Trainee: 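The structure that follows is given in the form of C-alpha cells.
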Protein chains: 2
Amino acid sequence: MTPTSTEETGTWAESARERISEAGLRRSTPRQRVVDLLDQQDCAITALEIDARLDRVGRATVYRAIEQLEELGLVRKVDLGGSAFGYEKVEPSGHHHHHIVCDECGKVEPFEDDALEEAIHEIHRKGFKLESHEVTLHGHCSDCD
Amino acid sequence: MTPTSTEETGTWAESARERISEAGLRRSTPRQRVVDLLDQQDCAITALEIDARLDRVGRATVYRAIEQLEELGLVRKVDLGGSAFGYEKVEPSGHHHHHIVCDECGKVEPFEDDALEEAIHEIHRKGFKLESHEVTLHGHCSDCD
DNA sequence: CTTATACTGAGATTGAATCTCATTATTATC
DNA sequence: GATAATAATGAGATTCAATCTCAGTATAAG
Ligand SMILES: [Zn+2]
Ligand SMILES: [Zn+2]
Ligand SMILES: [Zn+2]
Ligand SMILES: [Zn+2]
C-alpha cells in the first residue's frame with residue numbers, strides 16, 4: 001500500500017512546474033532538480049544544503065532558482081536563528097506551519113495553531129496590502145534547560 | 001510641555017546598566033555608548049549603523065555589546081528582510097511591537113496587536129519552555145502596489 | 001598606587017550570498 | 001531534424017555582514 005504515501009506528493013512540484021512555465025522561464029534540468037529537492041522536504045532547508053546535495057548543479061543556479069521561486073510565491077524564506085536562512089515550499093492550499101526554535105542548541109520544530117492564524121488574519125494595516133507572515137517562537141528545549 | 005516626552009526615557013538604559021553590573025560586566029564607556037544609542041531608538045537599528053554612528057568605538061565592541069545585551073534579554077534581534085539584522089531594546093515592562101515589511105521597497109513599520117499577543121500567549125509546546133517570539137507581516141506598501 | 005584582568009579596537013578572517021562571463025541547453029521556427 | 005535566438009548554467013571572483021586575533025588599555029578591587 002504505497003500509493004497513499006505518494007498521492008499527495010508532487011502537488012507542489014506540479015504547481016511549481018506550471019507556474020515556472022507561465023512565468024516564461026525554461027524548464028531546465030538544474031532548476032527542476034532544485035524544485036524536486038525542495039518538494040521532498042517537510043520543513044526548511046538552507047541554500048547551501050541544497051547545493052551540497054545536488055552534484056553538478058552550481059551554487060549560483062541554486063540561489064537563482066530559490067530567488068525565482070520566492071518571487072513566484074512558491075517558496076518562503078525563514079529565519080531559523082542560525083547563520084543561514086532556510087527555504088521551504090509554499091503549499092498552493094495555503095496550508096502552512098511556523099517554527100519554534102531552541103536558542104541554546106538551535107533545534108527547530110514546526111507547529112501549527114489555528115487561533116494564531118485567525119488573529120493574524122484579522123490584522124489590517126492602512127497603507128499595506130498584507131500577503132504573508134512569519135512567526136517564530138523562541139525558547140529552550142528540554143535538552144537545554 | 002516637554003517633561004511628558006522624557007519621563008519614560010531612560011527606563012530601559014537604567015535597567016540595562018543595572019543588569020550589566022549584576023552580570024559582573026564592567027561599565028566601560030564604549031559599552032555605555034552602545035546602550036545609550038540603542039535607548040534612543042524607537043525601532044530596530046543594525047549593528048553597522050551603530051558602528052557608523054559611534055566614532056572611536058570599534059566594530060568588534062559593537063557586536064560584542066549587542067551579543068551580551070541579547071544574552072541578558074535586554075535586546076532583541078529582528079529579521080527585517082534586508083541584508084543585515086536589526087536590534088532593538090526589550091522594555092522591562094514586556095511591552096513590545098512587531099513589524100510589517102514591504103517586500104518591494106523594504107519599508108518597515110512597527111505595529112501592536114493585543115489579540116495576536118493573546119493567541120501567542122496561549123500556545124504551549126511540550127518539551128519547550130517558550131520565552132519570546134517574533135512576528136513579521138509581509139506585503140506591499142501603498143507606494144509599491 | 002598596584003595588581004589582576006576584563007575590555008577594547010585595528011585589522012585579518014570567515015562564510016553566506018551575489019556577481020561575472022564564457023559556455024551550454026532550451027525553445028521556437030523552418 | 002537542423003538552425004537561430006536567447007535563456008540558463010557554473011566555476012570562480014567578489015561583496016559584505018559578522019566573527020576572530022591579539023597587543024595594548026581601562027576598570028575595579030585591595
Ligand atoms: Zn518549516
Ligand atoms: Zn501562519
Ligand atoms: Zn521595531
Ligand atoms: Zn508579541
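First the proteins, then the strands, lettered A, B, ... as listed; each starts at 1. Everything numeric in this text was worked out from a predicted model, so none of it was measured.
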Trainee: Have B:T61 and B:R31 got a donor and an acceptor in their side chains that come within less than 3.5 Å?
Mentor: no

Trainee: Taking only residues two or more places apart in sequence, or in another chain, which ones meet B:D36 in a salt bridge (charged side-chain N to carboxylate O under 4.0 Å, His left out)?
Mentor: B:R17

Trainee: Ring of A:F85, cation from A:K77 - is the NZ or CZ under 6.0 Å from the centre and inside 45° of the axis?
Mentor: yes

Trainee: Measure CG/A:D79 against P/C:dA17 and give the value in whole Å, please.
Mentor: 11 Å

Trainee: Which donor-acceptor pairs under 3.5 Å do the side chains of residues 128-139 of chain B make with protein atoms, sequence neighbours left out?
Mentor:
{"residue": "B:E131", "atom": "OE1", "partner": "A:H140", "partner atom": "NE2", "Å": "3.2"}
{"residue": "B:H133", "atom": "NE2", "partner": "B:H96", "partner atom": "NE2", "Å": "3.1"}
{"residue": "B:H133", "atom": "NE2", "partner": "B:H98", "partner atom": "NE2", "Å": "3.2"}
{"residue": "B:H133", "atom": "NE2", "partner": "B:E117", "partner atom": "OE1", "Å": "3.0"}
{"residue": "B:E134", "atom": "OE2", "partner": "B:D79", "partner atom": "N", "Å": "3.0"}
{"residue": "B:H138", "atom": "ND1", "partner": "B:D103", "partner atom": "OD1", "Å": "2.8"}

Trainee: Tell me the closest heavy-atom pair linking A:P92 and A:T11, and the distance in Å.
Mentor: CG-CG2, 4.4 Å

Trainee: Within residues 45-74 of chain A, find the residues that approach DNA chain D with a heavy atom at under 4.0 Å, and present them sorted by residue number.
Mentor: A:R56, A:V57, A:G58, A:A60, A:T61, A:R64

Trainee: Among pairs that include at least one residue of residues 85-99 of chain B, which meet salt bridge (charged side-chain N to carboxylate O under 4.0 Å, His left out), considering only residues two or more places apart or in two chains?
Mentor: B:D39-B:K89

Trainee: How does each nucleotide of nucleotides 24-30 of chain D score, in 5' to 3' order, for protein heavy atoms under 4.0 Å: base (B), sugar-phosphate only (S), or none (-)?
Mentor: --BBS--

Trainee: Once side chain to side chain contact (heavy atoms under 4.5 Å, CB included) is applied, do any residues pair with A:R59, and if so which ones, sequence neighbours excluded?
Mentor: A:L48, A:D51, A:Y63

Trainee: Start at the 5' end of DNA chain D and walk down; is the nucleotide closest to B:A84 or to A:Q32 reached first?
Mentor: A:Q32

Trainee: Kindly say whether A:T46 contributes a backbone atom to a donor-acceptor pair with the side chain of A:E49 at under 3.5 angstrom?
Mentor: yes

